[in-house]
K.L.:
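This is the structure I have questions about; it appears just below.
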Amino acid sequence: MALVATLYSDDVRGSERRQVELDGTLRGPAHTPHDVLVSELSSTGFRVPATGALAVGSRITLGLSGVGARAARIVRLAGDEQFGCEFISPLSPGELAAALEAPPAELIRFPQTAMVAPADVMPEPDVGQFPGPVRLAILMGGGLAAWGITIAAAVALF
């Protein structure tokens, strides 16, 4: 009597993985970007370093040079260090080839100069109040001028 055995593995992936070092941008449910280094890539998924803000089951987006942004979800956490992720819709063979052959993304180097606050550029002038008699004279003069304009307008109309 012969025994038939079937070996099962908990490593169920839809396609062959490739060891890579691709720069990518991972966005979680809050759409906050995280720069990541993709260490494995296949047409059905990828592996990236774990970030504290995400958990297994989270829906994410991975941006890759040559492919663009693709929706995915986190399906496993390997040793508190790496997320195993699955694309919602697999990459086509052309997209996978484009991701593997794409040149690394250009980093934009912004100037490292210190920002100058507006208060540092132009200090607020020290404006004191006018003395009491001057404020009273301005108030009285404004009132008299307003009445003078009103009377002149009434005389001109009649």
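Just the heavy atoms: all of them, side chains too, but no hydrogens, waters or symmetry mates, feed the values below. Values in this document were obtained by computation on a predicted structure and should not be read as measured data.
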K.L.:
Minimum heavy-atom separation for Ala55 and Ser58, please, with both atom names.
P.N.:
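Heavy atoms only, the tightest pair is O-OG, 2.8 Å.
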K.L.:
Going by side chain to side chain donor-acceptor pair (under 3.5 Å), name the residues that satisfy it together with Thr32, two or more places apart in sequence or in a different chain.
P.N.:
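Scan of Thr32 (side chain to side chain donor-acceptor pair (under 3.5 Å), adjacent residues dropped) gives none.
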K.L.:
Measure the spacing between CD1 of Ile88 and OG1 of Thr44 and express it to the nearest 0.5 Å.
P.N.:
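The OG1 atom of Thr44 is 12.0 Å from CD1 of Ile88, to the nearest 0.5 Å.
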K.L.:
For the residue pair Ala98 and Gly66, what are the closest heavy atoms and their distance?
P.N.:
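Heavy atoms of Ala98 and Gly66 come nearest at CB-O, 3.5 Å.
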K.L.:
Would you list the pairs meeting salt bridge (charged side-chain N to carboxylate O under 4.0 Å, His left out) in which at least one residue belongs to residues 83-99, sequence neighbours left out?
P.N.:
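For residues 83-99: Arg70-Glu95, Arg73-Glu86.
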K.L.:
Around atom CZ of Arg59, are there more than 12 heavy atoms from other residues, nucleotides or ligands closer than 6.0 Å?
P.N.:
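Counting neighbours around CZ of Arg59, 12 or fewer heavy atoms of other residues, nucleotides or ligands fall under 6.0 Å, so no.
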K.L.:
Determine whether Pro33 and Arg27 make a side-chain contact, defined as any pair of heavy atoms from C-beta on separated by less than 4.5 Å.
P.N.:
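With C-beta onward as the side chain, the pair touches.
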K.L.:
Through direct or indirect side-chain contacts below 4.5 angstrom among Ile, Leu, Val, Met, Phe, Trp and Tyr, which residues connect to Val20?
P.N.:
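Other cluster members: Leu22, Leu26, Val36, Val38, Leu41, Phe46, Val48, Leu54, Val56, Ile60, Leu62, Leu64, Val67, Ile74, Leu77, Phe83, Phe87, Leu91, Leu96, Leu100.
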K.L.:
Is a side-chain donor or acceptor of Arg47 paired with a backbone partner of Ser39 at a separation under 3.5 angstrom?
P.N.:
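It does not hold such a pair.
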K.L.:
Working to the nearest 0.5 angstrom, can you tell me the gap between Glu40 CD and Arg18 CZ?
P.N.:
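So the gap between those two atoms works out to 12.0 Å.
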